[in-house]
Amino acid sequence: MRREDPNQFAGYLIPGLLLFFDRTLSNKGKKIINVAFTICMFYFLLLTGSRGALLASIMGIVTIFIFDKNSKLMSIKTFKKVFLLFFLMVLAILSINFLPSFLTERFNISYMMADGGTGRIEIWEFFLSLFNKSSLFYKIFGYGSGSLASLYYRIAHNTWIEVLIGSGIFGLIIFVLLMIN
């Protein structure tokens, strides 16, 4: 039975989290439901233990807040948005205490320093070297979705590299267009 990579799974949660956060700011739909889903998605993201996904989601929330078309400097509405953003960050920090210990240690600074990214740089170098050495067919169409583990004993922990190797340049272009959209 194949187990989903926690980082990859967290990547599935981020668009939903950002969608509900954006809906909360833009008053689309029911605000209570949007706030509840935002908080739940953020908590589920914490349960994956993915530090990169946590950072990406925080950066996404900040980006949405900065580029929100409806915000006016120093208005009550802006104050509410800042409060909501602050509340979510505090909630995330407080909810780490309720996570299992094997997850909470991943967010500890000393653990992160000792962990060193679990050899990701070497893994990324391997896959990028594989791409460079591949035939034109594999560069354009890739080796197939989910094939990284069979090409190397580890996954890339990088969605962009995984899409490039799995789906080739053609798939990466489609993926980039989806992200931009």
Side-chain angles (χ1 to χ4, degrees), residues 1-25 33-66 82-128 130-131 142-167 171-172 175-176 178-179:
M1 179 176 190
R2 184 171 175 231
R3 205 184 81 158
E4 184 70 40
D5 173 46
N7 296 304
Q8 193 75 22
F9 184 71
Y12 304 144
L13 295 173
I14 293 171
L17 170 100
L18 297 178
L19 171 73
F20 286 111
F21 182 76
D22 183 55
R23 285 184 171 188
T24 300
L25 294 182
I33 291 173
N34 291 327
V35 169
F37 274 116
T38 301
I39 291 169
C40 287
M41 298 289 271
F42 204 80
Y43 187 72
F44 292 147
L45 190 129
L46 283 174
L47 287 176
T48 67
S50 175
R51 297 175 301 237
L54 177 63
L55 181 61
S57 63
I58 289 171
M59 292 307 297
I61 287 171
V62 169
T63 302
I64 287 172
F65 179 75
I66 290 171
V82 170
F83 181 77
L84 177 64
L85 181 63
F86 179 74
F87 175 75
L88 287 173
M89 298 308 149
V90 168
L91 180 70
I93 291 166
L94 292 177
S95 49
I96 287 175
N97 295 325
F98 296 106
L99 295 174
S101 62
F102 71 91
L103 286 177
T104 57
E105 74 180 12
R106 292 184 49 78
F107 297 103
N108 184 314
I109 297 295
S110 59
Y111 177 87
M112 286 189 259
M113 298 301 282
D115 181 52
T118 61
R120 286 192 173 118
I121 300 295
E122 292 83 19
I123 296 169
W124 296 343
E125 287 173 346
F126 171 82
F127 283 118
L128 292 175
L130 173 69
F131 178 79
Y143 287 86
S145 183
S147 63
L148 273 70
S150 64
L151 296 170
Y152 190 56
Y153 67 96
R154 298 182 78 177
I155 58 172
H157 291 284
N158 184 311
T159 302
W160 303 99
I161 292 175
E162 290 185 20
V163 171
L164 177 64
I165 300 298
S167 303
L172 185 63
F175 184 72
V176 168
L178 286 171
M179 291 296 115

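Keep in mind the model is a prediction, meaning the values are calculated, not measured.
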Taking the side chain as every heavy atom from C-beta outward, state whether Leu164 and Leu128 have any atom pair closer than 4.5 Å.
yes

Assess whether atom CZ of Phe175 is packed by more than 12 heavy atoms of other residues, nucleotides or ligands within 6.0 Å.
yes

Tell me the closest heavy-atom pair linking Phe9 and Thr48, and the distance in Å.
CD2-CG2, 3.7 Å

Main-chain N/O of Ile14 paired with Ser57 side-chain donor or acceptor, under 3.5 Å:
no

The reported gap from CG in Asp22 to CG in Asn34 (rounded to nearest 0.5 angstrom) is 9.5 Å

Between atom CZ of Phe127 and atom CD1 of Ile165, what is the distance when rounded to the nearest 0.5 Å?
7.0 Å

For side-chain contact (heavy atoms from CB on, under 4.5 Å), just list the numbers for Ile61 and Leu17, CA-CA rounded to whole Å, side-chain angles, deciding distance to a tenth of an Å, and then say yes or no.
CA-CA 9 Å; Ile61 287 171; Leu17 170 100; 4.2 Å; yes

Among Phe44, Phe42, Tyr43, find the residue that satisfies the side chain to side chain contact (heavy atoms under 4.5 Å, CB included) test when tested with Leu13.
Phe44

To the nearest 0.5 Å, what is the distance between OH (Tyr143) and CG (Leu130)?
4.0 Å

Distance-minimising heavy-atom pair for Trp160 and Val176
CZ3-CG2, 3.7 Å

Applying side chain to side chain contact (heavy atoms under 4.5 Å, CB included), name anything that partners Ile39, two or more places apart in sequence or on another chain.
Val35, Phe87, Leu88, Leu91

How long is the gap from CG on Leu54 to CG on Leu45, to the nearest 0.5 Å?
6.5 Å

I'd like to know whether Phe37 forms a side-chain contact (heavy atoms from CB on, under 4.5 Å) with Thr24, so could you lay out the CA-CA distance, the side-chain angles of the two residues, the decisive distance to 0.1 Å, and finally the verdict.
CA-CA 10 Å; Phe37 274 116; Thr24 300; over 6 Å; no

How far does CD1 of Ile123 sit from CD1 of Ile161, to the nearest 0.5 angstrom?
9.5 Å

Would you say CZ of Phe131 has more than 12 non-hydrogen atoms from neighbouring residues, nucleotides or ligands within 6.0 angstrom?
yes

